[in-house]
Protein chains: 2
Amino acid sequence: MTTTTHGVTQEQGAAAPRCPGPPSAMLDGPVSHAVSKVARLHRIVAGRLLRELGLHPGQEFLMMHLWDNGPVRQSELIKTVGLDPSTVTKMLQRLEQAGHVRRCPDPADRRASLVEATETSCGLLQQVREAWAELERRTLTGLDEAESAELLRLLRKVEGALCTEAATDPTCRTDPDPG
Amino acid sequence: MTTTTHGVTQEQGAAAPRCPGPPSAMLDGPVSHAVSKVARLHRIVAGRLLRELGLHPGQEFLMMHLWDNGPVRQSELIKTVGLDPSTVTKMLQRLEQAGHVRRCPDPADRRASLVEATETSCGLLQQVREAWAELERRTLTGLDEAESAELLRLLRKVEGALCTEAATDPTCRTDPDPG
DNA sequence: ACCCATTCATTGGCCGACCAAGTTAAAATC
DNA sequence: GATTTTAACTTGGTCGGCCAATGAATGGGT
């Protein structure tokens, strides 16, 4: 076994590094690496939970804001969620087509449009809330109260750092947490 | 106040909630919310740093693994990065077209293919490492050593939880960290 | 030998998300 | 009041990422 005729004499398991000796590229940023992984897994789990509700991950944020705040100017929505305007436009188009959202031109400003959650979409509110509670539960499996609180604190801190960091242009919305 | 006849009687600032009284949907999952936000910001910052190198966020992982481990079966690569096979296929197609990666059929298994980083791509290694170090630095701005370590520990724990959680099918690769 | 289940990789479709340009309308300036 | 600037979307393009389904080769049963 091993000695593949390709010229690559693979010992078992230990493949030959392609480039000079720096050990593992991951070691440069362990936290960044962890963040990326957690982010992906978190999104997958969220996606699975939301799929049953007919929502795609990311759309919850928009809907939540609409449910909470009622009719809103699209620009305001964009500011609060902090996403790219084009992203929000396309998401709203799909949400509108799905019947979860209604849009009408703002009479006070002919270029703006007002967005609101449809009546039927309100049935989703409770389910989405439950899905998020479940997501939170699964996310924090294995963490006790103190650890959860500490994690939240640290994430908020990182969020702040990255926010001011990434805030060259994009509006960075750190929601003032009332708690 | 603000009896919204649906004619949008907007008092200033305080928009009328569209749906019954549950306060803020975000309160259901503060940590999940924080994770999502941090994830997005982190990705943006990473994207900006990698853009200068001609890489798109997410591609680093593939390249890092290739740099570290040399020629690898695509299936193995898929397992280690934990992404969807189709995702890896498309990323590799683009990386190949960009000249960062080379692929050849595995002589030992005619359906598999071997992937390796090109010689020229090795010039990127150092830059990518630096970019990730910078990303890590910016991520951890405002956190001291102890906090960083704790954050890492908690993230790893969450990763494990979400991993077993999301591991209905997808191979969940939690790299055994040697340190 | 044959069939069947696995595995490997790809394609197509869709969505979130970015950027870059472009369009229209409102504000600001002159 | 006419011109410039700024704001509010929209469109087109590209990528990462998922799922679902397909094609092709391997391997295990019997």
Side-chain angles (χ1 to χ4, degrees), chain A residues 36-37 39-52 54-63 72-79 81-98 103-115 166 168-171, chain B residues 36-37 39-52 54-63 72-79 81-98 103-115 166 168-171:
Chain A
S36 300
K37 277 192 158 181
R40 212 179 53 79
L41 292 172
H42 186 266
R43 192 180 183 86
I44 288 179
V45 174
R48 295 236 234 267
L49 287 172
L50 289 173
R51 173 172 300 273
E52 308 166 9
L55 281 183
H56 298 269
Q59 297 182 334
E60 338 86 85
F61 291 84
L62 256 53
M63 294 308 300
V72 160
R73 239 173 214 75
Q74 187 167 326
S75 64
E76 185 59 29
L77 192 57
I78 290 172
K79 256 200 319 183
V81 297
L83 296 174
D84 192 271
S86 63
T87 299
V88 174
T89 292
K90 290 167 187 171
M91 285 176 69
L92 285 179
Q93 288 172 345
R94 286 160 186 151
L95 284 172
E96 186 175 24
Q97 189 178 2
R103 292 154 82 199
C104 55
D106 185 344
D109 188 337
R110 268 190 298 175
R111 56 201 164 141
S113 54
L114 295 174
V115 189
T168 27
D169 178 31
T171 311
Chain B
S36 300
K37 278 192 158 181
R40 211 177 56 78
L41 292 172
H42 186 265
R43 191 181 183 84
I44 288 179
V45 173
R48 294 235 233 266
L49 288 171
L50 290 173
R51 174 172 300 271
E52 308 165 10
L55 282 182
H56 297 269
Q59 297 182 333
E60 338 86 84
F61 291 85
L62 257 52
M63 294 309 299
V72 159
R73 238 173 215 73
Q74 187 167 325
S75 64
E76 183 60 28
L77 191 57
I78 289 171
K79 257 200 317 184
V81 297
L83 294 175
D84 191 90
S86 62
T87 299
V88 174
T89 293
K90 290 168 187 172
M91 283 176 72
L92 286 178
Q93 289 173 344
R94 286 160 186 151
L95 284 172
E96 187 175 23
Q97 189 178 1
R103 292 155 81 200
C104 55
D106 185 344
D109 188 338
R110 267 190 297 177
R111 42 195 179 148
S113 56
L114 296 173
V115 189
T168 25
D169 177 31
T171 310

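Worth knowing before you read on, the calculation uses all heavy atoms, side chains too, and leaves out hydrogens, waters and symmetry mates.
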- Item | Whole angstrom value for the distance that separates C1' of dG17(D) from NE2 of His56(B) | 15 Å
- Task: May I have the distance from Met91(B) (atom CE) to dT14(D) (atom P), rounded to whole angstrom?
- Result: 17 Å
- Can you tell me how far P of dC9(D) sits from CG of Leu83(A), to the nearest Å? 14 Å
- Message: With a 4.0 Å limit, can you tell me whether Gln59(B) has a side-chain N or O closer than that to the phosphate oxygens OP1/OP2 of dG16(D)?
- Response: yes
- Query: How close or far is atom C1' of dC15(C) from atom CD of Glu96(A), stated in whole angstroms?
  - Reply: 17 Å
- Task: Report the distance from atom CD of Glu60(A) to atom P of dC15(C), rounded to the nearest whole Å.
- Result: 15 Å
Exercise answer: donor-acceptor pairs, residues 54-63 of chain A side-chain atoms, under 3.5 Å, sequence neighbours excluded:
unit_1, atom_1, unit_2, atom_2, d
Gln59(A), OE1, His56(A), N, 3.0
Glu60(A), OE1, Trp132(A), NE1, 3.4
Glu60(A), OE2, Gly58(A), N, 2.2

- Query: Given dG16(D), is OP1 or OP2 found less than 4.0 Å from the side-chain N or O atoms of Thr87(B)?
  - Reply: no
- Query: Taking only N and O in the side chain of Arg43(B), is any of them less than 4.0 Å away from OP1 or OP2 of dG16(C)?
  - Reply: no
- Are the side chains of Lys37(B) and Arg40(B) in touch, meaning some heavy atoms are under 4.5 Å apart? no
- Is any side-chain heavy atom of Val72(A) less than 4.5 Å from a side-chain heavy atom of Val115(A)? no
- Message: Please encode protein proximity along nucleotides 2-10 of chain C as a string of B, S and -, counting only heavy-atom distances under 4.0 Å.
- Response: -----BSSB
- Query: Under 4.0 Å between a side-chain N/O of Arg48(A) and OP1 or OP2 of dC19(D), yes or no?
  - Reply: yes
- Message: Taking the nucleotide of DNA chain C with the nearest heavy atom to each, does Lys90(A) or Arg110(A) sit closer to the 5' end?
- Response: Lys90(A)
- Query: Tell me: CG of Leu50(A) to C1' of dC19(D), nearest whole Å?
  - Reply: 16 Å
- Note on the structure: When rounded to whole Å, the CG to P distance for the pair Leu49(B) and dC18(C) reads 16 Å
- Of all residues at least two apart in sequence or in a different chain, which pass the salt bridge (Lys or Arg N to Asp or Glu O under 4.0 Å) check with Arg103(A)? Glu96(A)
- Excluding sequence neighbours, so at least two apart, what forms side-chain contact (heavy atoms from CB on, under 4.5 Å) with Ser86(A)? Asp84(A)
- Message: Tell me the interatomic distance from Leu41(A), atom CG, to dG17(D), atom P, rounded to whole angstroms.
- Response: 12 Å
- side-chain contact (heavy atoms from CB on, under 4.5 Å) partners for Thr89(A), two or more places apart: Gln74(A), Gln93(A)
- Does OP1 or OP2 of dC15(D) have a side-chain N or O of Arg94(B) closer than 4.0 Å? yes
- Item | With sequence neighbours excluded, residues passing side-chain hydrogen bond (donor to acceptor under 3.5 Å, both in side chains) with Arg111(B) | Asp109(B)
